[in-house]
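One structure coming up, written as structure tokens, with questions to follow.
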Amino acid sequence: MINIPKGTKDVLPAESYKWHYIENVVRSVAQEFCISEIRTPTFEHTELFLRGVGETTDIVNKEMYTFEDKGNRSITLKPEGTAGVARAFVENSLYANAQPTKMYYITPVFRYERPQAGRLREHHQFGIEYFGAESPYADVEVMLVAKTIFDRLGIGKLVLNINSIGCGECRKKYNQALKDYFATRLDKMCPTCRERFDKNPLRILDCKEDTCKKIAENAPSTLDYLCDDCQSHHNIICEQLDKLGVEFVVNPRVVRGLDYYTRTVFEFVSDNIGAQGTVCGGGRYNNLVEEVGGKPCPAVGFGMGLERLLLTLESLNLTQGEADKVDVYIAPLCDEAKKMTLPLAMSLRKVGKKVESDLLDRSFKAQLKFANKLNAQYLILLGEEEMSAKKCNIKNMQTGESELVDFDKTLEYFATKN
RNA sequence: GUGGGUAUAGCGUAGUUGGUUAGCGCGCAAGAUUGUGAUUCUUGAGAUCAUGGGUUCGAAUCCCAUUACCCACCCCA
């Protein structure tokens, strides 16, 4: 048997309605915020992610699905959604339109990681990107989109963590301060943190090792090193969130793993779907567009993990909708009836009914059982008696009652049934 | 890449200190006087006990290796 690749999942027919539900909510919220959909390719030139996501990140270093195509081009399956959208923004000159450009996407993303609860090698993200807006109110609106989705789905429990990691200038100063602080305590810290010290000292802040945690507690906070502009940007966001009644915590330990973030970073975290609790993560990335080859253009956005969102919904018993239903099941009992089954089914479908009919030559009894299993509302029985009388024997599966209806009155009959 | 756990029909599971025919529930299929389903009853199909090796008179059970899955680290959505 050939089985499914590690870290991937089938969405089976009995489950797909949950995805439709989530996708519908997410799309309609996007519409309310006047955000239009963009679809970009599943794979891009590897270079886009090297430049966009950042060469020092784990995603680029060890998690990308990269291969050479038959024309010797280095191609990579998208490991996140933003870089491709930024590329499309530049390549299609969307910056020439009146700004901001507000876009959303639903896409599979691929990362070669060890799977665990809430983490797959292929997962799906809903994301939004706002280009051309420098204002802190844009950051807030982006957070509001996520918040609105959670509210719409009935999830009140997600905690919004926000932080600011400053612009390039503040970051430089802050990195130095961090290094100064950790340098004297490096010998007491875990090996990975010692590595991080050189590569990306910011990351030490969310180490889970107890001793590192303790040391990090007293480390300088990014917020103490913000320049005036970054500070007031951050302040306005906090004030506005307060004013909107959106609960949040300023958490200096929120540090995103992608190089492109500047100033605002935030995440919505769930505490009951396992260790991988970040359902939505995002922030501002004012340097990305330039990095990808465009003129400098400010931007904010987020990515939302749909599998994690679904896990959260399921953990709270909030999945809505139901598996597909059948309105009418047609059960032919003789050859004559079989010949008119598909035509009858087609004319019922044309008036909007969900119609199923026998494709297995089941026995009479088996047909009823099957119709019952399908949860069919009505069953049309066509035996020799019905054929010679030119009538459909229509049975209401709920009440068990049946009545005879002329062939040419059948559509009218069902037209009255909701 | 590093740890820990698990592996018995389609699914969920029982299986004693190793003992002969691996049990149960759900699901699937057929039937209960031939054209009326959901309950009930009867019957049936379906398992190389993850794979390979070892110990033993005898292994689902003990040992070793492999693989797969789960969980956690790392990292992220």
Side-chain angles (χ1 to χ4, degrees), chain A residues 1 3-9 12 14 53 56-64 78-82 106-127 146 158 190-193 195-196 199-200 203 206-209 212 254-258 261 265-270 273-283 301-312 329 331-334 337 360 362-376 378-387 393-402:
Chain A
M1 181 174 94
N3 36 21
I4 196 169
K6 198 190 203 37
T8 62
K9 269 213 159 113
L12 299 175
V53 178
T56 66
T57 60
D58 275 21
I59 292 182
V60 166
N61 279 317
K62 39 188 207 193
E63 296 177 359
M64 295 208 301
K78 51 167 104 159
E80 53 91 55
T82 302
I106 294 176
T107 183
V109 305
F110 307 86
R111 289 181 206 167
Y112 190 85
E113 300 184 271
R114 208 56 179 269
Q116 74 185 71
R119 194 172 73 186
L120 295 163
R121 288 185 175 179
E122 180 190 30
H123 75 276
H124 298 79
Q125 286 190 17
F126 164 76
L158 297 186
C190 73
T192 40
C193 275
E195 245 175 75
R196 290 192 266 232
K199 255 174 45 187
N200 191 355
R203 293 229 64 87
D206 59 6
C207 183
K208 271 112 192 164
E209 208 79 34
C212 300
V254 174
V255 165
R256 320 249 68 242
L258 292 82
Y261 287 107
V265 292
F266 66 89
E267 48 189 43
F268 285 85
V269 182
S270 169
I273 58 171
Q276 309 298 320
T278 303
V279 175
C280 173
F302 67 70
M304 189 181 285
L306 296 181
E307 281 82 356
R308 288 185 189 173
L309 184 58
L310 186 54
L311 283 177
T312 307
Y329 178 84
L333 298 181
C334 59
L360 296 187
R362 285 179 205 269
S363 71
F364 168 70
K365 191 159 192 161
Q367 303 242 37
L368 275 161
K369 279 189 161 183
F370 184 57
N372 189 54
K373 227 159 269 168
L374 293 175
N375 211 352
Y378 291 92
L379 174 134
I380 298 180
L381 189 58
L382 296 172
E384 281 170 8
E385 292 170 22
E386 287 79 8
M387 293 310 288
N393 186 342
I394 300 174
K395 180 181 173 75
N396 181 325
M397 294 295 283
Q398 247 91 69
T399 64
E401 287 161 12
S402 48

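Naming convention: chains lettered A, B, ... in sequence-line order (proteins, then strands); numbering from 1 in each chain.
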List, with names and distances, any nitrogen or oxygen atoms from the protein found under 3.5 Å away from nitrogen or oxygen atoms belonging to nucleotides 3-11 of chain B.
none

Margin query: By the 4.0 Å heavy-atom rule, please label G383(A) as base, sugar-phosphate, or nothing.
Written below: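 If one applies the 4.0 Å heavy-atom cut-off, G383(A) turns out to touch a base.
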
Check: Would the number of heavy atoms belonging to other residues, nucleotides or ligands and lying under 6.0 Å from CZ of F370(A) be above 12?
Finding: yes

Item checked: Base-paired stems in RNA chain B, each at least three Watson-Crick or G-U pairs under 3.5 Å ->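 Output for stems: B:1-7 with B:67-73, B:10-13 with B:23-26, B:28-32 with B:40-44, B:50-54 with B:62-66.
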
Margin query: At 4.0 Å (heavy atoms only), tell me whether L306(A) reaches a base, stays on the sugar-phosphate, or touches nothing.
Written below: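 Since no nucleic acid heavy atom lies under 4.0 Å of L306(A), the category is nothing.
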
Check: Does a distance-only test, which skips hydrogens and angles, find a donor-acceptor pair under 3.5 Å between the side chain of Q276(A) and the base of C75(B)?
Finding: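 Check passes, donor-acceptor contact within cut-off.
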
Item checked: Nearest-Å distance for atom pair CD1/C1', residues I273(A) and A72(B) ->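 Computing the I273(A):CD1 to A72(B):C1' distance gives 15 Å.
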
Next item on the list: With the side chain counted from C-beta on, respond yes when D58(A) and E63(A) share a heavy-atom pair under 4.5 Å apart, and no when they do not.
Entry: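 Side-chain contact under 4.5 Å: yes.
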
Next item on the list: Would you classify E267(A) as touching base, sugar-phosphate or nothing, given that sugar-phosphate means primed atoms plus P, OP1 and OP2, and contacts are heavy atoms under 4.0 Å?
Entry: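 Nothing, no nucleic acid heavy atom in range.
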
Notebook entry, point to check: Which residues satisfy the side chain to side chain donor-acceptor pair (under 3.5 Å) test with E386(A), sequence neighbours excluded?
Noted result: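 With neighbours one apart ignored, the set is N393(A).
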
Next item on the list: Starting at atom CZ of F110(A), determine the distance to atom P of C75(B), rounded to an integer number of angstrom.
Entry: 24 Å

Note to self: Taking the nucleotide of RNA chain B with the nearest heavy atom to each, does E113(A) or A376(A) sit closer to the 5' end?
What the structure shows: A376(A)

Margin query: What's K6(A) touching, base or sugar-phosphate or nothing? Going by heavy atoms closer than 4.0 Å.
Written below: sugar-phosphate

Note to self: Of the options G37(B), A77(B), G35(B), whose atoms approach the side-chain atoms of F364(A) most closely?
What the structure shows: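 Of the candidates, G35(B) comes closest.
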
Checklist line | Listed partners of K6(A) passing salt bridge (Lys or Arg N to Asp or Glu O under 4.0 Å), at least two apart | finding: none

Notebook entry, point to check: How far, in whole Å, is C71(B) from G52(B) if one measures between their C1' atoms?
Noted result: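 Roughly 27 Å separates the two C1' atoms.
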
Margin query: Just to be sure I understand the rule, does E386(A) reach a base, reach only the sugar-phosphate, or reach nothing, if contact means heavy atoms closer than 4.0 Å?
Written below: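 E386(A): base contact, heavy atoms under 4.0 Å.
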
Checklist line | Any residue meeting ring-ring contact (aromatic ring centres under 6.0 Å, His included) with Y261(A), in chain and number order, not counting sequence neighbours | finding: none

Collect all protein-nucleotide pairs involving nucleotides 38-42 of chain B in which both atoms are nitrogen or oxygen and the distance is under 3.5 Å.
from   : atom 1 : to      : atom 2 : distance (Å)
A38(B) : O4'    : N372(A) : ND2    : 2.7
A38(B) : N6     : Q398(A) : O      : 3.2

Check: What is the distance from CG of N3(A) to P of A68(B), rounded to the nearest Å?
Finding: 9 Å

Item checked: R308(A) vs C280(A) side-chain heavy atoms within contact, under 4.5 Å ->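 In short, these two side chains do not touch, never coming nearer than 4.5 Å.
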
